[in-house]
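Reading through the structure tokens given below for one structure.
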Amino acid sequence: MRELTAGPRILLKRLRALMAEALEPQERLDRIVREIAQNMVAEVCSFYVLRSDEILELYATEGLNPQAVHLAQLRLGQGLVGTIAATARPLNLTDAQSHPAFTYLPETGEEIYNSFLGVPVLRAGRTMGVLVVQNRTKRAYREDELEALETTAMVLAEMVAAGNLTRLARPGVELTNGRSVSFNGHAYNDGVGLGHVLLHEPRIVVTNLFNEDIEHEITRLDEAMGSLRLSIDDMLSRRDVAVEGEHRDVLEAYRMFAHDRGWMRRLEEAIRNGLTAEAAVEKVQSDTRARMMHLSDPYMRERLSDFDDLANRLMRQLMGYDPKTAAEMMAKDSIIVARSMGAAELLDYPRERVRGLVLEDGATTSHVVIVARAMGIPVVGQAKGVVALAENNDAIIIDGEDGRVHLRPQSDVEAAYAEKVRFRAKRQALYRELRDKPTITKDGQPVSLLMNGGLIVDLPQLKESGADGVGLFRTELQFMVASTFPRSGQQEKLYRAVLEAAGDKPVTFRTLDIGGDKVLPYFRSNAHEENPAMGWRAIRLALDRPGLMRTQLRALLKAAGGRELRIMLPMVTEVAEVKATREIIEREVNYLTRFDYQPPSSLKVGAMIEVPSLLWQLDELMREVDFASVGSNDLFQFIMAVDRGNAQIADRFDQLSPAFLRVLQQIAEAGKRHNKPVTLCGEMAGKPLTAMMLVGLGFRSISMSAAAIGPVKNMLLSLDAAQLNTVLSDLVQRPDANGSIREHLVRFATVQGIPL
């Protein structure tokens, strides 16, 4: 790439003036192609726009038959123009008609032209159209002319993306930026949302393309790049990042790109060719993305994603993007679209304006999904490619039932989903009618339906859902969304608010479950863990840091003065850990009593069964605890040796496999044998089919998201638990049992008329 000569520089100045004039879209296009032809001493300049039906339509020309405008068309991949659009690469030919892809369009009259230079019109790596110049004489266009044409194409890309050419399209024809696209992902939280896209890390729309002062723009670029490099170095120096080897690899790739001299050189050359710093970043990003989009190597495609994110970060720095301001200006029906995001980042958005969440990555048990469930919004994950194709304010539909996302949906799809929303509203009305009705199966078995929570935003749902109490309050979420350790007074305030909201309903507080994948940015660990999910976390960390545990226990005891307090210990591996915690609790009770604090009216201590070793200590455990809870997410993960955060294998094994159901049955029987209540809190509890199975195995208390209580209660009211228990006992204990019994359960529900 070389610096532009005087002619192309004059062209860029003329284009800047043209963009400032008040012109109709067609007149502006006609003037643009005329200016390009005159400046480049070309006899022809033509602009083709890619439509949603993958047809390239001639939108403006200087030199070809003007009657061919909006009539001449080529399919994607057809002819020279179609080849450029399909490959996203320029063509520079001295004898165009000898090229194997050449296609003659008689309506254009282009058969007399030999030399040909065409460039793709790109935005964020997407092809929006093709820009072409031609001459009768056989000549090779210079590199600076190619640069000038590519820069001009950026102007045209913004015109297409902004919808300025929509009025020129014939009725029923949409341009590529308006094309309807659907994605198949994974359903992570039930619900349907209709709204408009809000990109979590949006591409910045560059409106100021041409610079006035080259040196000033290079200085801006240097400063922004310096800040970007420092931010990456800072993230790499943080110990909490070092724990996650995969995250560190990503950041190392970021640092490699940020220090790449070739990238910096291309950016500086684009600035010297007349672009602003941010326009230079966008141009180089688009060129790189277009070249790499067609690579099949997954490693290289992943590196493209890293480079894309880095370029977007650099543009945001250059343009002073403030995410807080963007959140304040978001639409009232926003559906957040992100590659990935943290739980705290989701809570930064005003809850009343969020209608759904779409993730390219993530898993059903990731923390942002857990928080989204608490907020009661539908979530679809693993929607690969949605970020690249979405623009802010695009219409979007998210279906959390079947894991589908419809971007810029057609009117009939929108109408169908509007009807689905109305149907769901009627169904929700049915669930509201059941809210105060006791959950008793058809054969008279009472079942306690509890809700999971962890934040202030969860509390109103306790009453709205009709839950019998809070079966799992994740106290670590308060720590995860804070920038520093919550003080004892802050913790006490939250716990008291939860207990007051619950009234006479029970609340089970799980003590701090951090470590593993729940990294607190302000909590540093010196140890690098190869398998953090099985490392220094939860009760192990708490017992090693007794000051941290005592602070939380003291806050819980103070908040529960005069009330029942239920404390549950996570990640228990040995019964000795429960005994050690009881001793700490007893010391804290004695301490508060000495200072005249009112103790809880009742204090119960329980343990989560999520580590397989407890399966061989169930009798000892039941004698030591007042209650138990099954953490089905982690227990399944450890039983099956499946990383639940790894999307590649997270769905490989079914939770309804006989092997896992035998484990659950064993736990339920141990609780019954010792007359100790056992609750299951995990993803299994929140789906009617798996909840039906749990009751059939003998569980009489299950905890789930508030939104799941209505559907599960509706199912249980039609269930004969004893009949299902007989069926399950046979299926689970058969010597030849393997795979999954899901189909058997669905058949049972269908025959019995049980709504799922």
Side-chain angles (χ1 to χ4, degrees), residues 180-200 330-338 341 346 349-360 362-364 366 368-387 389-390 392-435 451 457 460-461 464-465 683 686-689 691 704-715 755-756:
S180 178
V181 189
S182 294
F183 302 87
N184 288 316
H186 294 177
Y188 286 166
N189 195 37
D190 192 19
V192 175
L194 284 77
H196 292 86
V197 169
L198 176 69
L199 290 169
H200 174 54
M330 64 191 284
K332 294 180 180 179
D333 59 351
S334 293
I335 292 178
I336 299 170
V337 177
M341 66 189 302
L346 179 59
Y349 292 101
R351 167 63 188 92
E352 66 278 4
R353 299 187 181 187
V354 179
R355 296 288 183 271
L357 174 64
V358 180
L359 300 168
E360 283 204 3
T364 185
S366 59
V368 67
V369 176
I370 290 171
V371 171
R373 286 197 196 100
M375 296 169 69
I377 61 175
V379 183
V380 170
Q382 298 299 313
K384 298 297 185 183
V386 65
V387 172
L389 292 179
N392 271 330
N393 296 316
D394 276 345
I396 187 172
I397 296 172
I398 172 176
D399 190 333
E401 289 184 2
D402 63 8
R404 286 183 65 79
V405 177
H406 304 276
L407 185 62
R408 297 180 290 271
Q410 296 179 358
S411 56
D412 56 341
V413 174
E414 199 162 0
Y417 271 95
E419 180 60 32
K420 187 171 184 176
V421 168
R422 285 192 288 272
F423 176 77
R424 285 180 60 85
K426 291 179 182 177
R427 197 165 60 181
Q428 291 300 325
L430 166 65
Y431 298 152
R432 281 194 295 273
E433 290 177 8
L434 298 176
R435 183 173 57 192
M451 66 166 265
V457 297
Q461 299 181 61
E464 293 168 9
S465 66
E683 298 310 307
K687 299 173 182 175
L689 181 68
M704 64 205 74
S705 68
I709 288 176
V712 170
K713 180 182 285 191
N714 189 42
M715 175 275 296
L756 297 178

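Keep in mind that what you see is a predicted model, and the values were worked out from it rather than measured. Residue numbers start at 1 and run along the sequence shown.
- Distance check, rounded to the nearest 0.5 Å: NZ of Lys687 to OG of Ser705 gives 10.5 Å.
- Across all their heavy atoms, Gly193 and Pro378 have their closest contact at N-CG, 4.1 Å.
- Nearest approach of Ala187 to Gly400, heavy atoms of both residues: CB-O, 3.2 Å.
- Sorted by first and then second residue, the pairs that involve residues 397-418 and meet ring-ring contact (aromatic ring centres under 6.0 Å, His included), not counting sequence neighbours, are His406-Tyr417.
- Taken to the nearest 0.5 Å, the CD1 atom of Ile396 stands 8.0 Å off from the CZ atom of Phe183.
- We find the CD1-CD distance between Ile709 and Glu464 to be 11.0 Å, quoted to the nearest 0.5 Å.
- We find the CG-CE distance between Leu198 and Met330 to be 5.0 Å, quoted to the nearest 0.5 Å.
- Looking at Lys713, its side chain does come within 3.5 Å of a backbone N or O of Arg435 through a donor-acceptor pair.
- When all heavy atoms of Ser465 and Ala706 are compared, the closest pair comes out as CB-O, 3.6 Å.
- Residues Gly381 and Tyr188 share a closest heavy-atom pair of CA-CE1, 3.4 Å.
- Under the 3.5 Å distance criterion, the side-chain polar atoms of Arg373 are left unmatched by any main-chain donor or acceptor of Met704.
- Distance check: Arg353 CZ to Ile336 CD1 gives 12.0 Å after rounding to the nearest 0.5 Å.
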Checklist entry - Passes side-chain contact (heavy atoms from CB on, under 4.5 Å), Val369 versus Leu359? Steps please. => result CA-CA 10 Å; Val369 176; Leu359 300 168; 4.2 Å; yes

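- Considering CG of Asn189 and CG of Leu357, their distance stands at 9.5 Å, rounded to 0.5 Å.
- The two residues Leu194 and Arg355 make their nearest non-hydrogen contact at O-CG, 4.4 Å.
- Listed by chain and residue number, Asp190, Asp399, Lys420, Arg424, Arg427 satisfy the side-chain contact (heavy atoms from CB on, under 4.5 Å) test with Glu401 (two or more places apart in sequence, or in another chain).
- Between the side chains of His196 and Asp333, at least one donor-acceptor pair of N or O atoms lies under 3.5 Å.
- Shown here for Gly403 and Val380, the closest heavy-atom pair between the two residues is O-CG1, 3.6 Å.
- Using a 4.5 Å heavy-atom cutoff, the side chains of Lys384 and Gln382 are in contact.
- A donor-acceptor contact shorter than 3.5 Å links the side chain of Asn392 to the backbone of Leu199.
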